[in-house]
Protein chains: 2
Amino acid sequence: MLTTERHQLILDLLKEKQSIKIQELVELTSASESTIRRDLTELEELQKLERVFGGARRMAPNMPEPSLSDKAAKHLTEKQRIARYAASLVQTGDAIFLDAGTTTAQMIPLLKDKDVTVVTNGLSHLEALTEHGITSYLTGGFIKARTGALVGPQAIQSLESYRFDKSFLGVNGIHADHGFTTPDPEEAAVKRRAGELARSCYVLTDQSKYGTVSFAHIFGLSEAALIIDGLPDQALAEIERQTTIKVVTQ
Amino acid sequence: MLTTERHQLILDLLKEKQSIKIQELVELTSASESTIRRDLTELEELQKLERVFGGARRMAPNMPEPSLSDKAAKHLTEKQRIARYAASLVQTGDAIFLDAGTTTAQMIPLLKDKDVTVVTNGLSHLEALTEHGITSYLTGGFIKARTGALVGPQAIQSLESYRFDKSFLGVNGIHADHGFTTPDPEEAAVKRRAGELARSCYVLTDQSKYGTVSFAHIFGLSEAALIIDGLPDQALAEIERQTTIKVVTQ
DNA sequence: ACAAAATCAATCATAATCTTTCATAAGCAG
DNA sequence: CTGCTTATGAAAGATTATGATTGATTTTGT
């Protein structure tokens with residue numbers, strides 16, 4: 001068995017199993033314990049997994065927030081619920097824009113079999129996109145190291161080459177008077193243009209940030225549909241009454 | 001069995017198998033081990049597959065390979081020597097274009113303290129660029145999963161926003177009649193335009209591929225300076241005599 | 001807390017594979 | 001036919017992967 005075949009096997013198993021014992025791998029590959037150990041060591045150096053006593057486990061994509069780990073996990077399922085609904089709106093053959101951000105990232109695995117074309121300004125989306133074999137285009141622009149987003153006039157200009165069936169944007173807040181808000185003015189500009197270039201525009205948020213606009217920049221786009229979770233019905237009704245935003249729930 | 005038939009067979013097998021052992025190929029083609037090795041080497045240079053110990057595997061759709069400690073290339077020191085010289089040409093404050101590819105990647109750490117602005121179409125350069133705190137812009141375009149390069153009309157269009165003090169391009173071959181060559185026509189187009197948009201254009205290669213143009217696409221640009229290593233002086237002289245290419249050595 | 005069991009890192013010899021080099025054979029132009 | 005180029009196979013020596021062994025470290029059971 002080829003070395004890379006073993007490596008691939010291990011990574012594939014970890015996609016389904018979360019963790020795995022060395023003894024299992026010895027049986028599965030009929031390689032020696034030493035070899036498996038070496039494999040795990042190498043894969044760990046490549047940041048593909050984390051060794052634990054007796055085996056290995058999947059890299060935790062957990063941004064360590066020790067005190068709020070429960071809350072983070074709760075947000076994760078919220079993100080996933082929203083992403084699942086957003087992905088269900090995508091039809092076979094659609095050309096879509098995926099905004100940078102963790103919520104839209106959750107959509108990617110769900111687009112696998114839809115034969116979509118994706119344009120994104122999120123560098124962190126790339127790995128998942130190529131891994132799932134999705135035809136992908138990247139906008140150009142300045143690399144915002146903190147968020148991995150491409151922004152600036154170049155980003156907006158390279159958007160102009162495209163027209164989208166649907167745009168999926170992430171936001172930090174919603175405000176009755178101002179519409180959607182996000183902390184970074186440059187990212188807001190990209191979002192706005194991406195929304196304008198789409199026939200339909202959907203805004204995703206898992207944060208319950210209605211009304212609290214701090215350090216936020218407006219990006220307008222009151223015509224978008226809002227996919228949200230975690231806000232009381234009363235607030236949703238208020239949004240629909242006071243704005244032209246259309247609220248969509250699962 | 002014809003050489004190209006073997007090549008096609010290998011590529012076909014890799015469409016279904018992910019990876020393949022040299023011994024299997026020896027049995028399937030009843031060619032010698034040496035021949036299969038040569039086939040794999042050639043196909044690797046064309047970026048059609050990746051050699052691994054004992055066989056070959058499909059180009060990994062996962063391009064991010066933490067690559068610094070990598071033992072990847074025997075050409076590494078050559079690459080580094082070339083990269084060091086190329087980087088020495090960069091002056092403080094320059095705006096430069098860095099082509100995708102492993103040779104230009106070696107330049108990045110050396111640009112750290114030069115206060116440069118970098119534009120690149122190489123996704124695999126990103127990690128190093130941000131890590132060294134270099135102001136970076138990315139071109140847009142279609143994501144070529146095999147090489148991690150951004151190509152296509154969108155890539156070229158987003159180049160138009162920029163003007164460079166210097167462009168640094170990687171190539172696979174040099175040909176007296178045709179100028180520089182590279183296997184992929186789309187990547188060639190990007191290289192060509194990036195070269196045109198620069199006041200000075202430097203071409204880097206660590207491959208001693210003078211004259212052997214196989215499956216190559218020309219990208220012209222005979223006005224560029226060539227930074228090379230590993231060719232005999234005689235060949236360099238011939239290049240300068242037969243073309244308008246200016247050869248630069250360290 | 002202690003001892004037994006399991007797991008680990010380090011080392012070494014061996015086997016498999018790799019690169020380089022050379023010689024032969026096949027195709028082709030003059 | 002001769003001279004040239006290209007493809008091929010074979011062999012030597014270098015490199016890499018593997019499996020077994022050793023003694024250290026960690027976990028587990030009591």
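In what follows, chains carry the letters A, B, and so on, assigned in the order in which the sequence lines appear, proteins first and then strands, with residues in each chain numbered from 1.
If you take CG of A:L43 and P of D:dA17, they are 13 Å apart, rounded to a whole angstrom. The NE2 atom of B:H7 sits 9 Å away from the P atom of D:dA7 (whole-angstrom rounding). Spacing between atom CZ of B:R38 and atom C1' of C:dT19 amounts to 11 Å, rounded to whole angstrom units. What separates CG of B:L40 from P of D:dA7 is a distance of 16 Å, to the nearest Å. Between B:F53 atom CZ and C:dA15 atom C1' the separation is 10 Å, expressed in whole Å. Counting to the nearest Å, the P atom of C:dA5 and the CD atom of A:Q23 are 16 Å from each other. Rounded to whole Å, the distance from CD on A:E24 to P on C:dT7 is 11 Å. One can place NZ of A:K21 at 11 Å from P of D:dT28, the figure rounded to the nearest angstrom.
Using modelled atom types, no side-chain atom of B:H132 and backbone atom of B:E127 make a donor-acceptor pair closer than 3.5 Å.
Here B:T3 lies in heavy-atom contact (under 4.0 Å) with sugar-phosphate atoms only. Residue A:V52 is in sugar-phosphate contact alone, with no base atom involved, counting any heavy-atom pair closer than 4.0 Å across all strands shown.
Residue A:S32 places no side-chain N or O under 4.0 Å from the OP1 or OP2 atom of D:dA20. Distances shorter than 4.0 Å separate some side-chain N or O of B:R51 from OP1 or OP2 on C:dC18. Within the structure, a side-chain polar atom (N or O) of A:R6 is placed less than 4.0 Å from OP1 or OP2 of D:dT18. Contact check, B:T35 against D:dG9: a side-chain N or O comes under 4.0 Å of OP1 or OP2.
The pair A:E42-A:K48 does not count as a salt bridge, with every side-chain nitrogen at least 4.0 angstrom from each carboxylate oxygen.
Under 3.5 Å, the side chain of B:R37 and the base of D:dG9 form no donor-acceptor pair of N or O atoms.
Side chains of B:E33 and B:Q23: a donor-acceptor N/O pair is present below 3.5 angstrom, by distance only. Defined by atom type and a distance below 3.5 Å, a donor-acceptor pair is missing between the side-chain atoms of B:Q47 and B:T147.
Shown here is A:K21, whose NZ atom has no more than 12 heavy atoms of other residues, nucleotides or ligands within 6.0 Å.
In this structure, the nucleotide among D:dA10, C:dA9, C:dA10 sitting nearest to the side chain of B:S34 is D:dA10.
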